[in-house]
Amino acid sequence: MIYTITLNPTIDYIVTVPQLALGHSHHMQDELITPGGKGIMVSRVLKALGIPSIALGFRGGFTGDFVRDYMEELNILNQFTVIKERTRINLVLKSDQDTEISDYGPSATDEEVARFMKGFEDISTQDFVVMSGSKLPSMPKDFYEQLIRSLHEEGVPFACDITKDELRNSLQYHPLVVKPNQKEVGEFFGRTFTTWQEVVPYGKQLVELGAQHAIVSLGGDGALLFTPNEVIYAPPLSGKVANPVGAGDSMVAGFVGTFIRTGDASEAFRVAVAAGTATAFSPDIATTEEIEAQLGRVVLEIIE
Ligand SMILES: Nc1ncnc2c1ncn2[C@@H]1O[C@H](COP(=O)(O)OP(=O)(O)OP(=O)(O)O)[C@@H](O)[C@H]1O
Ligand SMILES: O=P(O)(O)OC[C@@]1(O)O[C@H](CO)[C@@H](O)[C@@H]1O
């Protein structure tokens, strides 16, 4: 079974306001209220790919109830640890330029974290764990590393979509795949990139530092896959971006779900690109049909 971990879930409140002007009142043109947080997005895309998963993490308050209810409606298994404080709401304002306002999220008590860790004990070497997104602000800096170290000691395979020091500390435990975007790779190595080609030597370093595979998503410039032997570039597919929230998570789901089934990194990358693109072009997370429609269009270029 694939377990996704979303320590800090969200309700994503995505509103479209054409010609937004600060300091003025507006009527929204459109809204989308959807459960989010990166691991939850991964579970939702795995579902679209026909792959079951169990979503773990923390939820609290009426917003946490919404996340649970929506996941049940989608028939996605979930075993969230219930906490006293309220799950956050993240606001995305879609206008000429998109603006995101993210909440830091609730705190969890030691007792609540201990309950979460107990659920973790059932995970075995036959399972796979995907860890994505921010942790709760009350958690120690090395919370992810503690989780990853214990999985590694138990021999449980995992992938992670985390950033900065948390990404750095994860690499020594050989995640199946890490998926920073171009900006996050820049932050990681203290660089600013003006072209995607400049990212290539740094993506290679993620594998040299221990990742089994690294995907670097490049937004409208496509994506790169780094393996110990190859660098593969997927140019962007043409289409109209509707809502890119979750496009990166869709790549993680596509890669992990396909690699577990086939052991073929290049095929897994193809599905990752199709799923990421399909989500970027869809108002919500991509559907099965939307992913299938992109699959045949993906082009992979071995560049090294
Ligand atoms: N404008 C676009 N045109 C074509 N493809 C796109 C576009 N934006 C995103 N994609 C596809 O989706 C993938 C993931 O997008 P992106 O790099 O924005 O992920 P991300 O920054 O991790 O996003 P998020 O954190 O919202 O999930 C890209 O690598 C690309 O394949
Ligand atoms: O604050 P985090 O945990 O890093 O990211 C949270 C988030 O931006 O990630 C998802 C898109 O990838 C959204 O559902 C959610 O709002």
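Residue indices begin at 1 and follow the sequence shown. Atoms within each ligand, like the ligands themselves, are counted from 1 in listed order.
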For [atom], the protein heavy atom that lies nearest, with its residue and separation:
| atom | result |
| --- | --- |
| atom 25 (O) of ligand 1 | Lys38 NZ, 3.5 Å |
| atom 31 (O) of ligand 1 | Thr277 OG1, 3.7 Å |
| atom 19 (O) of ligand 1 | Ser217 OG, 3.4 Å |
| atom 22 (O) of ligand 1 | Lys179 NZ, 3.1 Å |
| atom 27 (O) of ligand 1 | Gly248 N, 2.8 Å |
| atom 15 (O) of ligand 1 | Ala247 CB, 3.6 Å |

Ring centroid separation for [X] and [Y], is it under 6.0 angstrom?
| X | Y | value |
| --- | --- | --- |
| Phe188 | Tyr202 | no |
| Phe58 | Phe116 | yes |
| Phe255 | His213 | yes |

Could you list the atoms of ligand 1 found under 4.0 angstrom from a heavy atom of [X]?
| X | value |
| --- | --- |
| Pro244 | 26 (O) |
| Gly222 | 28 (C), 29 (O), 30 (C) |
| Ala223 | 29 (O) |
| Leu237 | 4 (C) |
| Met251 | 13 (C), 14 (C), 29 (O) |
| Val241 | 1 (N), 2 (C) |

For this session: May I ask whether Glu184 has any heavy atom positioned less than 4.0 angstrom from an atom of ligand 1?
Result: no
For this session: State plainly whether the residues Glu166 and Lys141 are in salt-bridge range, i.e. N to O under 4.0 Å.
Result: no
For this session: Compare all side-chain heavy atoms of Thr6 with those of Leu56 and state whether any distance is below 4.5 angstrom.
Result: no
For this session: Using heavy-atom distances, let me know which of Gly219, Gly254, Pro236 sits nearest atom 17 (O) of ligand 1.
Result: Gly219
Exercise. Distance from Ile148 atom CD1 to Glu153 atom CD, nearest 0.5 Å?
Worked result: 12.5 Å
Exercise. Once you round to the nearest 0.5 Å, how far does CG of Leu77 lie from OH of Tyr3?
Worked result: 9.5 Å
Hey, is [X] touching ligand 1 through its side chain, its backbone, both or neither, going by heavy atoms under 4.0 Å?
| X | value |
| --- | --- |
| Leu218 | backbone |
| Gln182 | neither |
| Asn181 | side chain |

Measure from every N or O atom of ligand 2 to the protein's N or O atoms and keep only the pairs below 3.5 Å, writing each with atom names and distance to 0.1 Å.
residue	atom	partner	partner atom	Å
ligand 2	1 (O)	Arg88	NH1	3.2
ligand 2	1 (O)	Arg88	NH2	3.4
ligand 2	1 (O)	Ser134	OG	3.3
ligand 2	3 (O)	Arg88	NH2	2.9
ligand 2	3 (O)	Ser134	N	2.8
ligand 2	3 (O)	Ser134	OG	2.8
ligand 2	9 (O)	Lys38	NZ	3.1
ligand 2	12 (O)	Lys38	NZ	2.9
ligand 2	12 (O)	Asp249	OD2	2.6
ligand 2	14 (O)	Asp12	OD2	2.4
ligand 2	14 (O)	Gly37	N	3.0
ligand 2	16 (O)	Asp12	OD1	2.6
ligand 2	16 (O)	Asn90	ND2	3.0

For this session: Without swapping roles, check the side chain of Arg297 against the backbone of Ser238 for a donor-acceptor pair under 3.5 Å.
Result: yes
Please tell me whether [X] and [Y] have a donor and an acceptor in their side chains that are separated by less than 3.5 angstrom.
| X | Y | result |
| --- | --- | --- |
| Glu100 | Asn90 | no |
| Arg44 | Thr34 | yes |
| Thr163 | Glu184 | no |

So for atom [atom1], which belongs to [X], do other residues, nucleotides or ligands contribute more than 12 heavy atoms lying within a distance under 6.0 Å?
| X | atom1 | result |
| --- | --- | --- |
| Phe189 | CZ | yes |
| Glu111 | CD | yes |
| Ile302 | CD1 | no |

